[in-house]
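Worksheet for the structure shown next.
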There are 4 protein chains.
Amino acid sequence: MKRRIDTATRIILAAEALFAEQGFTETTMRQITAEADVNLAAVNYHFRSKQGLVNAVTERLMEPLCDEIEVALADRLASSSNIQLEELLEMLMRALLHVNQQNTFSLSVFMRLLELAYMKNQEELRDFFVSRYAPRLESYLRCLQADAAPMEENEFFWRLHFMLGAVVFTLSNYHTLLILEKRSFKDSAEIEQILHRMIPVLTAGLQARAENNYFCRL
Amino acid sequence: MKRRIDTATRIILAAEALFAEQGFTETTMRQITAEADVNLAAVNYHFRSKQGLVNAVTERLMEPLCDEIEVALADRLASSSNIQLEELLEMLMRALLHVNQQNTFSLSVFMRLLELAYMKNQEELRDFFVSRYAPRLESYLRCLQADAAPMEENEFFWRLHFMLGAVVFTLSNYHTLLILEKRSFKDSAEIEQILHRMIPVLTAGLQARAENNYFCRL
Amino acid sequence: MKRRIDTATRIILAAEALFAEQGFTETTMRQITAEADVNLAAVNYHFRSKQGLVNAVTERLMEPLCDEIEVALADRLASSSNIQLEELLEMLMRALLHVNQQNTFSLSVFMRLLELAYMKNQEELRDFFVSRYAPRLESYLRCLQADAAPMEENEFFWRLHFMLGAVVFTLSNYHTLLILEKRSFKDSAEIEQILHRMIPVLTAGLQARAENNYFCRL
Amino acid sequence: MKRRIDTATRIILAAEALFAEQGFTETTMRQITAEADVNLAAVNYHFRSKQGLVNAVTERLMEPLCDEIEVALADRLASSSNIQLEELLEMLMRALLHVNQQNTFSLSVFMRLLELAYMKNQEELRDFFVSRYAPRLESYLRCLQADAAPMEENEFFWRLHFMLGAVVFTLSNYHTLLILEKRSFKDSAEIEQILHRMIPVLTAGLQARAENNYFCRL
DNA sequence: TATGAATGAGCGTTCATTCAT
DNA sequence: AATGAATGAACGCTCATTCAT
C-alpha cells in the first residue's frame with residue numbers, strides 16, 4: 001500500500017515543525033518519527049544520522065531561497081544596475097515568504113538553522129553553509145553594499161550580522177512574539193506584516209553613518 | 001580546607017563558560033562539574049536542579065545590569081529629561097560591558113539566556129524574566145521610545161525586538177563572528193568595539209520612518 | 001540470532017526471582033538486566049518503565065490463577081451448589097501450586113505483589129487489582145462465605161483479610177521459614193505441604209463463631 | 001535553647017510514622033530529618049546508620065511489649081497454670097494496644113518490622129530479633145501450644161506463622177483496610193475492634209485438628 | 001524499502017554517608 | 001551536640017544508533 005507522500009518527506013516535515021518549536025538538540029528522533037508516523041529507524045535509514053536530517057532540512061529551505069533571489073536579482077539587474085536597499089530587501093522578504101508557504105513552520109526552523117550554524121561547535125554545519133551558499137549570495141550582498149552607507153569592509157561585515165540577527169531572532173521566535181504582542185496567531189498575513197516592518201529598519205541600519213570615535217573608556 | 005572561591009561560585013562560572021559555548025541543553029552537568037572541579041552532586045545540592053542553576057546564572061547577570069541601568073538613568077534624568085538615543089544606547093552598552101567584565105563568557109551566556117527565554121516551550125523562564133525585570137527596565141524603555149521616530153505602540157514593540165535580535169545574535173555568537181572576520185580573539189577591546197559599532201545602527205533603526213504601505217501581495 | 005526464550009520473558013523471569021528475594025524497591029533494573037543477561041535499556045523498551053514491568057509480572061501470575069479458579073469452580077458448581085470450605089480452599093491451593101510451577105519464585109513474588117498492593121501509597125496498583133480481578137473472584141468469595149460461620153458482612157471482610165494475611169505472609173517468606181524450620185529447601189513438595197497445612201487452619205478460622213462482646217477496655 | 005523533646009526521639013518518632021506509611025527502603029533519611037525538623041546528618045550522628053535507626057525503632061517497640069507480656073503471664077500463672085487460648089491472645093492484643101498508644105503509627109511500623117525481619121536478605125535483623133526476644137517470649141509460646149490442638153512440633157511452627165501472618169498483614173495495612181471497608185479512620189477504637197475480632201479466629205486456627213492426608217497430587 | 005528489537009553511552013537526579021567546624 | 005557542605009555510588013530512564021530480517 002502506497003502512502004500519499006513518501007517516508008523521507010514525512011520525516012522532513014515533522015522535523016521542521018519540531019525543530020521550529022523546540023530546537024534541534026531538544027527534539028528527539030522518537031518525537032520526529034512519532035509525529036511523522038514512521039519507524040524510529042527510518043531517519044537513520046534515509047538520512048544516515050540526525051545531523052544528516054538537519055542537512056536535508058537545510059537544503060530543502062536554502063535551495064529554493066537562493067534560486068529565487070538569484071533569478072529576481074538577475075531580472076532586476078537587466079533593466080538597471082542601480083537598486084535601492086528597500087527593493088533589495090523586499091526581494092529577500094518575498095523569497096522568505098515563499099519559503100514559508102511550503103509549510104507553516106519552515107521559516108522559523110530556517111532561522112534556527114542559521115542560529116545553529118553560528119554556534120561554536122557547529123563548524124561543520126557552518127562550513128556547509130559557507131561553501132554551498134555563500135557564492136550564490138555573493139552578488140546579492142554586493143548589491144546591498146552598493147546602496148549602504150560608505151564604510152570599510154569589516155564595518156559592513158558587522159552591520160550585515162546585526163541585520164541578520166534582527167531577522168533571525170524575530171523570525172525564529174515570531175510565534176512567541178505574536179503572543180507577547182497580545183494578538184493571537186491567525187494566518188500567514190501576520191508574518192508578511194512582520195517582514196514588511198523590517199524593511200525600513202534594516203535599510204536605516206545599513207545606511208546609518210558610521211561613528212569614528214569610540215565612546216570614552218570606563 | 002578552604003577553597004579560594006566557594007563551590008557554588010565555581011559551578012556558576014563553569015556553567016557560564018559552557019552555556020556560552022554550547023547552549024543549555026547541550027551542556028551536561030558532568031561537563032560543568034568537571035570544569036568546576038567539584039562533585040557531580042554539588043549542583044543539585046546548591047541549586048536543586050539544572051534549571052535552578054540556569055536561574056542562578058540569570059540572576060547573577062540581570063541584577064547588576066538592571067542596577068547599573070537604573071542608576072545611570074536616574075543620574076542622567078536629574079540634569080535633563082531629554083536624552084538622545086545614542087546616549088541611552090551607550091548607557092546600555094556600558095552596562096553590558098561591565099557585566100562582561102565579571103568574566104569572559106558572561107555576555108555571551110547572557111544573550112543566550114534571552115534567546116532561550118523567547119523559545120516556545122520556555123514560558124516559565126520567560127515569565128521569570130518578565131515579572132522580575134520588565135518593571136525595572138520600563139522607564140529606560142520609555143526613554144528609548146521618546147527619542148525614537150513617532151510610531152504606534154505595536155510598531156515600537158517590533159522595532160525593539162528587531163534591535164534586541166541584533167544585539168542578542170551578535171553577542172551570543174561574537175566568538176564565532178570574530179573568527180569569521182579573520183581576526184583572532186585577543187582581548188576585551190574587541191567586544192567593546194562591537195558594542196560601539198551597534199550604536200549608530202540601532203539608533204537609525206529606531207528612528208527610521210515607518211512605512212505605511214504594504215509591499216504588494218504575491 | 002534467536003535466543004531460546006525471548007528477551008521480554010527473560011526479563012520477567014529474572015524480575016520474579018529478584019522481586020521475590022528482595023522486594024520491588026530493593027531490586028534495581030541493573031540487577032534484573034544482569035540476571036536476565038539483557039541490555040539495561042531492554043526493560044524500558046519492552047515495559048516502558050519499572051512499574052510497567054511490575055504490572056506485567058502481575059498479569060502473568062493473576063491471569064492463569066483466575067482462569068483456573070473460575071474453571072474449577074464452574075465445574076464443581078455443575079454437580080452441586082453446596083461446596084465445603086475445605087474443598088474450596090483446596091481449589092485455591094491447587095491453583096496457587098500451578099502458578100508456582102511456572103517457576104520456582106513465582107508464588108513468592110505473587111504474594112509480595114499482594115502485600116505491595118495493600119500499602120498506603122500504592123493506590124494505583126490496588127485499583128489495578130480491584131478493577132481487574134475482583135469481579136472474576138467474586139463468585140468464589142460468595143462460595144466461601146456460604147460455608148463460613150454466619151456473620152455480618154464486615155466481619156467477613158476482616159476474616160477474609162486475616163486469612164489472606166496468613167497466606168501472603170507465609171508464602172512471601174516460605175524460603176526463610178523453611179530455613180528457620182531447620183530443613184533445607186529441597187523441592188516443590190515442600191510448598192505443597194505448606195499449602196496443605198493451611199487448609200484446616202483457614203477453614204477453622206472462617207468457621208469460628210464470632211465474639212459479640214468486646215474485651216473490657218483498658 | 002532546649003527543645004521539648006530531644007533530637008534522637010524526634011527522629012525516632014518521625015521515622016516510625018514514615019516507615020509505617022511507606023516502608024523502610026522507600027523512606028529516605030531526608031524525609032525523616034525533614035519531618036523531625038533536624039539536620040540530615042543527625043541520624044548518622046545518633047544512630048550510626050539508617051539500619052541503626054531501624055534497630056532503635058525496633059527496641060523502642062519490642063522492649064515494652066515483651067515486658068508487658070512477661071508480667072501479665074507471670075501474674076496469671078500465679079493463680080493457675082491452665083490458661084485458655086482466648087485469654088492468652090487477649091494478653092497479646094492488650095500489649096499490642098499499649099504499644100499503639102505510644103503514638104498512632106507504632107503498631108503499623110512494628111508489624112512492618114516483623115515483615116522485614118522475615119525477608120531473605122535481612123538475616124542480620126532476624127538474628128537480632130531471635131537472639132534478643134525469642135527467649136523472652138518462649139514461655140508465652142509454650143502456653144499457647146499447651147492449649148492448642150495436639151500436634152507435632154513442626155505443625156505448631158507453621159500454625160504459629162500462619163497466625164503471625166494474619167496479625168502482621170492486617171496490622172501493617174489496617175489503615176488501607178479501614179478505607180477499603182468504606183469506613184473512615186476515626187480513632188483508636190477501630191484498632192481495638194480489629195484486634196478483638198482476631199481472637200476467636202486465631203483461637204480456632206490453633207485448635208483446628210490437623211489433616212493427616214495430603215490432597216491428591218496433580 | 002522498511003522495521004521491531006536491541007544496544008552502549010550517557011542523562012539528571014537521589015541515595016546514605018562523611019567531613020570539617 | 002550538632003550542622004552545612006560535600007561526596008562516591010547508584011538510581012531509573014532516554015539518547016541516537018545499529019542489527020537482523
Side-chain angles (χ1 to χ4, degrees), chain A residues 1-3 6-8 11 24-33 38-54, chain B residues 1-3 6-8 10-11 24-33 36-53, chain C residues 1-3 6-8 10-11 24-33 36-53, chain D residues 1-3 6-8 10-11 24-33 38-53:
Chain A
M1 191 178 61
K2 275 280 176 69
R3 279 217 187 75
D6 74 336
T7 301
I11 291 172
F24 301 95
T25 313
E26 293 83 357
T27 299
T28 70
M29 303 196 44
R30 274 169 183 77
Q31 288 177 317
I32 295 168
T33 51
V38 301
N39 185 273
L40 170 62
V43 172
N44 290 93
Y45 178 75
H46 286 284
F47 304 99
R48 289 189 57 85
S49 70
K50 191 182 181 184
Q51 184 60 45
L53 173 58
V54 171
Chain B
M1 189 178 62
K2 271 282 177 66
R3 278 217 188 73
D6 75 334
T7 302
R10 294 170 66 82
I11 291 171
F24 301 95
T25 312
E26 294 83 355
T27 299
T28 71
M29 298 189 50
R30 279 165 180 81
Q31 287 177 319
I32 294 169
T33 51
D37 196 26
V38 301
N39 186 276
L40 170 61
V43 173
N44 291 95
Y45 178 75
H46 287 284
F47 305 100
R48 294 188 59 88
S49 67
K50 190 183 180 185
Q51 182 61 45
L53 174 57
Chain C
M1 188 179 62
K2 269 282 176 68
R3 279 217 187 74
D6 75 336
T7 301
R10 293 169 68 83
I11 291 171
F24 302 95
T25 313
E26 294 82 356
T27 299
T28 71
M29 298 187 51
R30 279 165 180 82
Q31 287 177 319
I32 295 169
T33 51
D37 196 26
V38 300
N39 186 276
L40 170 60
V43 173
N44 291 96
Y45 178 76
H46 286 284
F47 304 101
R48 295 188 61 86
S49 68
K50 190 183 180 184
Q51 183 61 45
L53 174 57
Chain D
M1 191 179 63
K2 274 281 175 66
R3 279 218 188 76
D6 74 335
T7 302
R10 293 169 67 81
I11 291 172
F24 301 95
T25 312
E26 294 82 357
T27 299
T28 70
M29 303 196 44
R30 272 168 184 79
Q31 288 177 317
I32 295 169
T33 51
V38 301
N39 186 274
L40 171 62
V43 173
N44 290 94
Y45 178 74
H46 286 284
F47 304 99
R48 290 190 57 86
S49 70
K50 190 183 181 183
Q51 183 60 45
L53 174 57

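In what follows, chains are A, B, ... by sequence order, proteins preceding strands, each numbered from 1. In this text the structure is predicted, and so the values were computed from the model without any measurement.
- Not one side-chain nitrogen or oxygen of A/T7 sits closer than 4.0 Å to the OP1 or OP2 atom of E/dT1.
- Applying the 4.0 Å criterion to OP1 and OP2 of E/dT1, one finds that A/H46 has every side-chain N and O outside that range.
- Counting to the nearest Å, the P atom of E/dA5 and the CZ atom of C/R10 are 16 Å from each other.
- The distance between atom CD1 of D/I11 and atom P of F/dA2, rounded to the nearest whole Å, is 9 Å.
- Among C/T27, C/I32, C/N44, the single residue meeting the side-chain contact (heavy atoms from CB on, under 4.5 Å) criterion with C/L53 is C/I32.
- Across all non-hydrogen atoms, the minimal contact from B/V38 to B/A42 is CG2-CB, 4.2 Å.
- Contact annotation: side chain of C/Y45 to base of E/dA6, donor-acceptor pair absent below 3.5 Å.
- Here F/dA16 presents its C1' atom at 16 Å from CG of C/N44, a figure rounded to the nearest Å.
- The interatomic distance linking D/F24 (CZ) with E/dC15 (P) rounds to 17 Å, in whole Å.
- Rounding to the nearest 0.5 Å gives a distance of 12.0 Å between CG of A/N39 and OH of A/Y45.
- The line from CG of C/L40 to CZ of C/R30 is 5.0 Å long, rounded to the nearest 0.5 Å.
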What are the atom names and distances for every N/O pair under 3.5 Å that joins the protein to nucleotides 9-11 of chain E?
unit_1	atom_1	unit_2	atom_2	d
E/dC11	OP1	B/T28	OG1	3.3

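- Atom-to-atom, CD of A/Q51 to C1' of F/dC15 comes out at 16 Å; the value is rounded to the nearest Å.
- If you measure from atom CD of B/E26 to atom P of F/dC15, you get 14 Å, rounded to the nearest angstrom.
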Q. Reading DNA chain F 5' to 3', what string of ( ), [ ], | and . shows its pairs, if Watson-Crick and G-U wobble pairs count only when both distances fall under 3.5 Å?
A. .||||||||||||||||||||
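- Contact check for A/V43 versus A/K50: no side-chain heavy atoms found under the 4.5 Å cut-off.
- Distance check: A/H46 NE2 to A/I11 CD1 gives 5.5 Å after rounding to the nearest 0.5 Å.
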